[in-house]
Asker: 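Please find one structure pasted underneath; my questions will follow.
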Amino acid sequence: MPKETKYWLMKSEPSSFSIDDLRAAPRQMTYWDGVRNYQARNFMRDMAIGDHVLFYHSNANPPAIVGIAKVVKTAYPDPTQFDKKDSHYDPDSEPSRPRWDMVDIKLVRKLSHPLTLDHLKKEHKLKGMVLLQKGSRLSVQPVTPQEWAHILSLG
DNA sequence: GCCAACGTTGGC
DNA sequence: GCCAACGTTGGC
């Protein structure tokens, strides 16, 4: 299998973890815990080291792509699923067969100007983006090389 | 705060 | 397997 770099978009609510939090983090890295959606989890399991990530602020004003990151550690069990005190605790997940994974990402750069959802919607070349599909709520989603290139050209 | 769209759960 | 009820997401 040829190794191909893949592209992704990951959503975070800035009130819980923002691009500035990532920038301020040790080594500008973070683990992406709390994903509790099978489709999003499966996408994380598809990630390889070096894959490119768009960092998106959801539930924000305005919602926008605010930075670029890359995958620095592939999927491994998310410990919060076993933590009874954590809001993401999953009593049905067996430690011998963890149900939920996370990856580590590292900041590449924060965009000087966020690319707002409103702006993205106006780009015909981005019409097919998962992010822009009606009712799309996936917190981890694939981005095509063409979409990636176009988004970077906007910045 | 509202609510549409979606995913999950559980009774049958 | 169906589907109503419920919880969550996330734009507005």
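Sequence lines set the chain letters: A, B, ... in the order given, protein chains first and strands last, and positions in each chain run from 1. All figures in this text were calculated on a predicted structure; none of them were measured in a lab.
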Asker: Show every donor-acceptor pair shorter than 3.5 Å between a side-chain atom in residues 103-111 of chain A and any protein atom, with sequence neighbours excluded, or say none if there are none.
Answerer:
from, atom 1, to, atom 2, distance (Å)
A/Asp104, OD1, A/Tyr76, OH, 2.6
A/Asp104, OD2, A/Tyr76, OH, 3.4
A/Lys106, NZ, A/Arg27, O, 2.9
A/Lys110, NZ, A/Asp20, OD1, 2.9

Asker: My understanding is that only residues two or more places apart in sequence, or in another chain, count here; which of them pass salt bridge (charged side-chain N to carboxylate O under 4.0 Å, His left out) with A/Asp118?
Answerer: A/Lys122
Asker: If you look only at distance, which donor and acceptor atoms sit under 3.5 Å apart when one is on a side chain in residues 142-152 of chain A and the other is two or more places apart or in another chain?
Answerer:
from, atom 1, to, atom 2, distance (Å)
A/Thr144, OG1, A/Glu147, N, 3.0
A/Thr144, OG1, A/Glu147, OE1, 3.4
A/Glu147, OE1, A/Thr144, N, 2.9
A/Glu147, OE2, A/Met129, N, 3.4
A/His150, NE2, A/Glu123, OE1, 2.8

Asker: So which protein nitrogen or oxygen atoms get under 3.5 Å of nucleotides 6-9 of chain B's nitrogens or oxygens?
Answerer:
from, atom 1, to, atom 2, distance (Å)
B/dC6, OP1, A/Lys134, O, 3.2
B/dC6, O2, A/Arg137, NH1, 2.6
B/dC6, O2, A/Arg137, NH2, 2.8
B/dG7, O4', A/Arg137, NH2, 3.4

Asker: Identify every side-chain donor-acceptor pair in residues 54-65 of chain A under 3.5 Å, counting partners at least two apart or on other chains, and give the distances.
Answerer:
from, atom 1, to, atom 2, distance (Å)
A/His57, NE2, A/Ile19, N, 3.1
A/Asn59, ND2, A/Glu13, OE2, 3.1

Asker: Return the set of residues passing salt bridge (charged side-chain N to carboxylate O under 4.0 Å, His left out) with A/Arg36 (not counting sequence neighbours), or none when no residue passes.
Answerer: A/Asp78
Asker: Is there a path from A/Leu9 to A/Leu126 through hydrophobic residues (I, L, V, M, F, W, Y) whose side chains come within less than 4.5 Å of each other?
Answerer: yes
Asker: Find the bend of the helix from B/dG1-C/dC12 to B/dC12-C/dG1 as the angle between its two terminal axes (five pairs each), to the nearest 10°.
Answerer: 10°
Asker: Let's see if you get this right: which residues in residues 80-87 of chain A place a heavy atom under 4.0 Å from DNA chain C?
Answerer: none
Asker: Provide, to the nearest angstrom, the distance between the OH atom belonging to A/Tyr56 and the C1' atom belonging to C/dG11.
Answerer: 8 Å
Asker: Between A/Gln141 and A/Lys11, does the side-chain contact (heavy atoms from CB on, under 4.5 Å) criterion hold? Intermediate values first, please.
Answerer: CA-CA 9 Å; A/Gln141 53 183 256; A/Lys11 295 179 186 174; 3.8 Å; yes
Asker: List the atom of A/Ser139, the atom of A/Val35, and the distance in Å for their closest heavy-atom pair.
Answerer: OG-CG2, 4.4 Å
Asker: If every non-hydrogen atom of A/Gln81 is compared with every non-hydrogen atom of A/Tyr89, which pair is closest and at what distance?
Answerer: O-CD1, 3.2 Å
Asker: Just grab all the ring-ring contact (aromatic ring centres under 6.0 Å, His included) pairs involving residues 105-146 of chain A, residues at least two apart or on different chains.
Answerer: none
Asker: Other than A/Met29, what residues sit in its cluster of Ile, Leu, Val, Met, Phe, Trp and Tyr side chains whose heavy atoms are under 4.5 Å apart, directly or through others?
Answerer: A/Val72
Asker: Donor-acceptor pairs are to be reported for all side-chain atoms of residues 41-50 of chain A against protein atoms at under 3.5 Å, with residues two or more places apart or in another chain.
Answerer:
from, atom 1, to, atom 2, distance (Å)
A/Arg41, NH1, A/Arg99, O, 3.0
A/Asn42, ND2, A/Tyr38, O, 3.3
A/Arg45, NE, A/Asp101, OD2, 3.0

Asker: Just the rounded figure in Å: distance from P of B/dA5 to CG of A/Leu132.
Answerer: 17 Å
Asker: Within residues 114-126 of chain A, which residues have any heavy atom lying less than 4.0 Å from an atom of DNA chain C?
Answerer: A/Leu117, A/Lys121
Asker: Of the non-hydrogen atoms in A/Ser93 and A/Phe82, which two are nearest, and what is the gap between them?
Answerer: O-CE2, 3.5 Å
